[in-house]
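In what follows, a structure is listed as structure tokens, so that the remarks can point back to it.
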Amino acid sequence: MVVHSAAERVLAGLDPEQRSAVTAPAGPVCILAGAGTGKTRAVTSRIAHRALTGDISARHVLAVTFTARAAAEMRARLSALGVGGVQARTFHAAALRQVRYFAPRLLEGRAMPELLDSKVRVVTLAAAKVGLRADRAAARDLAGEIEWAKSSLVEPGEYVVAAAKALRETPHEPAKVAEVFDAYERLKRGNGVIDFEDMLRAAVWGIEEHADVAEQVRGQYRHLVVDEYQDVNPLQQRLLDAWLGGRDDLTVVGDASQTIYSFTGATSSYLVDFPRRYRGATVVRLVRDYRSTPQVVGLANAVISQARGAEARLRLELHGQRPPGPEPDLRIFTDEPAEANAVAARCRALIDGGTPAREIAVLFRTNAQSEAYEKALTEAAVPYVVQGAERFFERPEVRQAMIALRAATRSIPGETPLPAAVVEGLAAVGWAPDAPPAGGAARERWEALAALVQLAEEYAATPEVVPIGEAVAIERPVTLGDFNEELARRAAQQHVPTVEGVTLASLHSAKGLEWDAVFLVGLAEGTLPTTYAKTPEQVEEERRLLYVGITRAREWLWLSYAAARSPGGRARRPSRFLPQLDRSGGGERAGAGAARRTERRRAQVVSCRICGATLLAGADRKLGRCPTCPSDLDEELYERLREWRQRVAGAQKVPAYVVFTDATLTALAERKPGRIEELIAIAGIGPRKLGLYGDTVLALVAGAGVGEVCPQKSFEI
């Protein structure tokens, strides 16, 4: 009775879909869990309910996930539910534990090889052996390719063909990468070390090739649970199959719309094909979003509703369960510095208004974008934390560049224009102003150093004013020495407290996290989706990346992009994934007429008169400001305008909004136009209404009473 009472308490508070997942019968169960739908609660409650009802023994459960943090959360929740003994671990931790346990038996008394914590050093040596010089960035890219190959069960001799089939963007010519891969494997064996993929393979080999090991492992782990199943790679699936040994007491949890790690070898195909692989499997969909407001959920649904491909077959339409909140804030800026400054100002306002800095995040597509936000937040006195990346001035390539630029002051003539001097100085660290190289880490390194060149261009545009006498001064061009001092000053200013700060993170590193307020920045074509997304599958993954970013926000969401990278730069288009920025509603599939309407709408740019952001919503365009920017409404004028409108509408026998909408009256009372030119600048006042009411409105703004401008007479339309 006590046991069943505890089991009933586990079910208390679950929604109908969660309850279905928890009480599903033994056997294959697939829980499709949308963002914020309580998947961890559902899966831990399923384990606890089965244990408390006697269906299973907790010590026979192995629950695997992808981060130590997620595994720790599962253990904590199970403990709170009164269930101990469940093994909740990452794939790597579970495999390492088993390999170490069986090592004496499998290795016949030999010591277990040392586990590499990083491939980079060995990859660098392997590259040198095949005649390839690889700096740290290039070595990271090569290590990433090797990890992809090994996770995909690809051997060195198979790499060239496999990379071509997978349309890999390789950091070097594929045959050369294969040579590095082969040399890396030889070096490891010669030095008696293994990497993480080797350790997973060892666990598979121990079970598949040793019947006694298989019997013991499968006797211990009879019920398998896999979290984030959309992120499983072929090697991890091979290990999972080895653990199962043909059994089907398996519960998987995942969301195909959050598949964003395919570049590492992860594939959602196992999640998509689960019902076909396990005939009669129970499939439960969790769609009630408890994390985000309905407004945020609505935007997330709008973005992912356009998805195509295999993952789209499992697309979930979320239903927000929280009270309504503010609409997502959509903004366009003239250039990236303006965008960063506006984000920093809004972060400052949120913090001043009581939002903890740790509950705010600025998310971008690549780590190289962080520098502008680090600078803007520093200047706005906003503390920040860079997640998943080093702070800009602490990156090895930036530190090396600053050393090279200081050395260059001794060799570069002082009359050399600053941008050219910086480019010449950066040649010492291998940077050249051409197209960025292939490979994520190498490309980010190139972009980080390119940011120094852009900073030099901006700094050179402001010559130093040097006084030479009373009331007399001249402009002196800034030198490389001046620029080095500026870099040192900026680096020193960015040493801000990191315990309590706004999170700066890439969209990839933000997965699994959430904040009260989220800024999604740089949402322009070429950045999201990146120019390197060339296939339909790659473009769809970029769409899912934006979806993941949107669903990180609990309440307040800002989405923005800059029309140009730098002041006066080449114009860019907003990301194709933002339906709100394309009023035609058809995106890329809109016809020519819709495209022309969209272009006409975009040509009529209206900027916020307070912060400078481009205004998109009709009401905001009328007001001439963002809804979050402070109002300077003249309440007395607003009441006189309302009274006048009421009289005019009564005389014309039409609703009041036919004369002027509330938004137009508010705009008049805020902007207080004094001339015809200022009046027609307000959206909603066209030639017809200007002719009917223009002089009267200007008189009211100037202070005239309603009785003076609106005698009791009829108005002719």
> Do you know the tightest heavy-atom contact between Ala401 and Leu449?
Replying inline: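 Ala401 and Leu449 have their closest heavy atoms at CB-CD2, 3.6 Å.
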Looking at side-chain heavy atoms only, is the closest gap between [X] and [Y] below 4.5 Å?
X	Y	value
Thr503	Arg358	no
Tyr261	Asn233	no
Trp148	Thr264	no
Tyr159	Thr170	yes
Phe66	Phe91	yes
Leu200	Gln236	yes

Is a side-chain N or O of [X] found less than 3.5 angstrom from the main chain of [Y], in a donor-acceptor match?
X	Y	answer
Ser506	Ser509	yes
Thr416	Ile412	no
Glu541	Gln538	no

For residues [X] and [Y], is any side-chain donor paired with an opposing acceptor at under 3.5 Å?
X	Y	answer
Thr479	Asp482	yes
Thr65	Glu228	no
Gln369	Glu371	no
Ser151	Glu147	no

>> Under the criterion salt bridge (charged side-chain N to carboxylate O under 4.0 Å, His left out), I'd like the reasoning laid out for Lys188 against Glu114: C-alpha separation, chi angles, the key distance, then a yes or no.
In response: CA-CA 10 Å; Lys188 280 197 298 94; Glu114 180 185 348; over 6 Å; no
>> One thing to verify: whether Asp231 and Lys511 come together as a salt bridge, which I'm taking to mean a side-chain N less than 4.0 angstrom from a carboxylate O.
In response: yes
> Parallel, tilted or perpendicular for Tyr270 and Tyr229, by the 30°/60° rule?
Replying inline: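 Taking Tyr229 first and then Tyr270, their aromatic rings sit tilted (interplane angle of 30° to 60°).
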>> Taking ring pair (Phe, Tyr, Trp, His ring centres under 6.0 Å) as the definition, give me every residue that meets it alongside His172, ordered by chain and number, with sequence neighbours left out.
In response: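 Ring pair (Phe, Tyr, Trp, His ring centres under 6.0 Å) check on His172 returns nothing, list empty.
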>> Once side-chain hydrogen bond (donor to acceptor under 3.5 Å, both in side chains) is applied, do any residues pair with Thr259, and if so which ones, sequence neighbours excluded?
In response: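 With neighbours one apart ignored, the set is empty.
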> For Arg346 and Asp329, what are the C-alpha separation, side-chain angles and deciding distance, and is it a salt bridge (charged side-chain N to carboxylate O under 4.0 Å, His left out)?
Replying inline: CA-CA 11 Å; Arg346 186 59 184 148; Asp329 213 343; 5.6 Å; no
Could you pull out every donor-acceptor pair under 3.5 Å between side chains of residues 127-135 and any protein atom, sequence neighbours left out?
unit_1	atom_1	unit_2	atom_2	d
Asp135	OD1	Ala137	N	3.2
Asp135	OD1	Ala138	N	2.8

